[in-house]
**Q** 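Submitted below is the structure of interest, expressed as structure tokens.
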Amino acid sequence: MEGTYENIIRAIEKRPLPTEENINLQDQFLTFFNSAATYYSLLVCYDSLKKVHKNLHAIMIEYDPDNNDDYKMDILDYMALVRAWDYYCKTNTVKGKSKGELTFFEKYLDLQNWDNIVSLESADRIREAASKWYEQETTHSIGYMNIEAKIPYVHLLKDALTRKKENYEDSANALLTTHAEEQIIGLLDANQEITDINLFFQLSMITSWLTCESIRNVAEKEKNDSNAYFTSICNINPLNLIISINDILQKYLLPDDRKAIEKLKCDLALPESSDKTFSPLNDYLKLYRALVPCCLKWVDQYEEVWKKVECDPIYQEITEKLK
């Protein structure tokens, strides 16, 4: 079944070649399709980033780097503790998470003879990690920093930021309603100078809504209003869309990159939290283009650290024996 984009292209191809007297709509359609692809690409990216943000806490690879050095814990220490906690949950009835963790620390780790389960070195890592965690009096659960469970969302973050721009066909098909398609094709089929002028302004209007204005007619479409131009997935202002994306990406930065991004925000004079409607979309897009490589560096370091943990003999031993 052919979609909106194919139907519009066919209507364009049916028209005779423009003369000097005709309005040349080629550039206008190109701008229109490009704007649709830009908006749809950001929308697809944002949907992925929402899943990332919901499941991936933005904590740097070194555990609790702002805390006292005496209580810092490297990833291998932490994963040893996670493995011990998983083993405890499988071998004991844990009625409440906080109560179970308290029992885990105060009784189980002291009473359990870890040396009979894993090597002395591995057992010492578990006890050392537990001691550091307990001293922190953290409000987070033990699984909070389980980087193994979060790796799929690290990959999703990377995929969202390296995904190619959506093509014109998928974008137009996803964003435009049947009404918008009919309006455009009807003006194309009329092939009169006055209708070309109307089409020129209609494409300009839709392009404007896809760039710097609010997306309109979404609410009306949900009430079965046949005059809606956009489908229900277009439910966010383009400016707010890129701001929301940038807000998420700023949580996944290495310390030096975080400083550079803050400087860029100052140079662009972007507001922190007040009224953002007067800031140009292009400035936020500049910020986005700067954030993407920084976030990919964060992802690369996360993956690099995790690979080192996977290859460590102690982690392999604990993973094998504490099942």
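In what follows, every heavy atom counts, from backbone to side chain, and hydrogens, waters and symmetry copies are set aside.
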**Q** Does some side-chain heavy atom of Leu175 sit less than 4.5 Å from a side-chain heavy atom of Leu210?
**A** yes
**Q** Quick one: do Arg15 and Asp196 make a salt bridge, cutoff under 4.0 Å?
**A** yes
**Q** In the structure I gave you, are the side-chain heavy atoms of Ile126 and Leu322 within less than 4.5 Å of one another anywhere?
**A** yes
**Q** Starting at OG1 of Thr319, measure out to CD of Glu310 and round the result to the nearest 0.5 Å.
**A** 9.0 Å
**Q** Lys165 and Asn34: side-chain donor and acceptor closer than 3.5 Å?
**A** yes
**Q** Side-chain contact test, heavy atoms from C-beta onward, threshold under 4.5 Å: evaluate it for Val299 versus Glu303 and give yes or no.
**A** yes
**Q** Go through the side-chain N and O atoms of Tyr229 and Gln202 and say whether any donor and acceptor fall under 3.5 Å apart.
**A** yes
**Q** Heavy-atom distance under 4.5 Å between the side chains of Phe29 and Ile184, does that happen here?
**A** yes
**Q** So, taking the atom named CG in Leu81 and the one named CG in Leu76, what distance separates them when rounded to the nearest 0.5 Å?
**A** 11.5 Å
**Q** Could you grab the distance from atom CZ of Phe230 to atom CG of Asn235, nearest 0.5 Å is fine?
**A** 12.5 Å
**Q** Would you call Asp267-Lys263 a salt bridge at under 4.0 Å N-O?
**A** yes
**Q** Let me see the working for Trp306 and Tyr315 under ring pair (Phe, Tyr, Trp, His ring centres under 6.0 Å), right down to the final yes or no.
**A** CA-CA 11 Å; Trp306 175 238; Tyr315 175 77; 5.7 Å; yes
**Q** Taking all heavy atoms of Leu268 and all of Asp283, pick out the closest pair and write down the distance.
**A** CD1-O, 3.4 Å
**Q** Ser122 and Glu317: side-chain donor and acceptor closer than 3.5 Å?
**A** yes
**Q** How long is the straight-line distance from OH of Tyr284 back to OG of Ser244, given to the nearest 0.5 Å?
**A** 10.5 Å
**Q** Check the side chains of Asp170 and Asn173 for a donor-acceptor pair under 3.5 angstrom, ignoring hydrogens and angles.
**A** no
**Q** Taking all heavy atoms of Thr211 and all of Thr207, pick out the closest pair and write down the distance.
**A** OG1-O, 3.0 Å
**Q** Are more than 12 heavy atoms from other residues, nucleotides or ligands located less than 6.0 Å from atom NZ of Lys259?
**A** no
**Q** Using the rule side chain to side chain contact (heavy atoms under 4.5 Å, CB included), only one of Asp257, Leu253, Leu161 pairs with Leu291; which is it?
**A** Leu253
**Q** Would you say the side-chain atoms of Ser35 and Thr38 include a donor-acceptor pair closer than 3.5 Å?
**A** no
**Q** With heavy-atom distances below 4.5 Å as the criterion, would you say the side chains of Thr195 and Gln192 are in contact?
**A** yes
**Q** Looking at Lys297 and Asp256, is there a salt bridge between them, counting it only when a charged N and a carboxylate O are closer than 4.0 Å?
**A** no
**Q** When you check the gap from the basic side-chain N to the acidic O, do Glu262 and Lys265 get nearer than 4.0 Å?
**A** yes
**Q** Looking only at heavy atoms, which two atoms of Leu56 and Tyr252 are closest? And how far apart?
**A** O-OH, 2.8 Å
**Q** With a 4.5 Å heavy-atom cut-off, do Leu254 and Arg258 have their side chains touching?
**A** no
**Q** Would Asn92 and Thr103 count as a side chain to side chain contact (heavy atoms under 4.5 Å, CB included) if you check the C-alpha gap in whole Å, the side-chain angles of each, and the deciding distance to 0.1 Å?
**A** CA-CA 10 Å; Asn92 294 267; Thr103 303; over 6 Å; no
**Q** List the steps and the verdict of side chain to side chain contact (heavy atoms under 4.5 Å, CB included) for Trp114 and Ile117.
**A** CA-CA 5 Å; Trp114 289 105; Ile117 301 177; 4.1 Å; yes
**Q** Taking it one step at a time, do Ile9 and Phe33 satisfy side chain to side chain contact (heavy atoms under 4.5 Å, CB included)?
**A** CA-CA 11 Å; Ile9 292 299; Phe33 285 133; 4.2 Å; yes
**Q** Which heavy-atom pair separates Ile185 from Ala11 by the least distance, and what is that distance?
**A** CG2-CB, 4.0 Å
**Q** For a side chain to side chain contact (heavy atoms under 4.5 Å, CB included) check, start with the C-alpha distance between Gln250 and Asp247, then their side-chain angles and the critical distance, and finish with the verdict.
**A** CA-CA 5 Å; Gln250 288 175 85; Asp247 286 345; 3.8 Å; yes
**Q** Write down the atom of Ala37, the atom of Glu166, and the distance for their closest heavy-atom approach.
**A** CB-O, 3.3 Å
**Q** With distance as the sole test, does Asn240 use its side chain to make a donor-acceptor pair with the main-chain N or O of Ile236 at under 3.5 Å?
**A** no
**Q** List in chain and number order the residues that pass ring pair (Phe, Tyr, Trp, His ring centres under 6.0 Å) with Tyr153, two or more places apart in sequence or in another chain; answer none if no residue qualifies.
**A** none
**Q** Are Tyr302 and Leu157 side-chain neighbours, meaning at least one heavy-atom pair lies under 4.5 Å?
**A** no
**Q** Taking Trp298's backbone N and O only, do any of them form a donor-acceptor pair with Gln301's side chain (distance below 3.5 Å, no angle check)?
**A** no
**Q** Please report the shortest heavy-atom distance between Cys45 and Ala160, naming the atom on each side.
**A** SG-O, 3.9 Å
**Q** Got a second to check how far Leu49's CG is from Leu42's CG, nearest 0.5 Å?
**A** 10.0 Å
**Q** Look up atom CD1 in Ile206 and atom CG in Leu176, then write down how far apart they are to the nearest 0.5 Å.
**A** 6.0 Å
**Q** Taking the side chain as everything from C-beta on, heavy atoms only, tell me whether Ser171 gets closer than 4.5 Å to Tyr5.
**A** no
**Q** Under a 4.0 Å threshold between the charged nitrogen and the carboxylate oxygen, would Glu148 count as salt-bridged to Arg83?
**A** yes
**Q** What I want to find out is whether Lys308 reaches Glu304 closely enough, with some N-O distance under 4.0 Å, to be called a salt bridge.
**A** yes
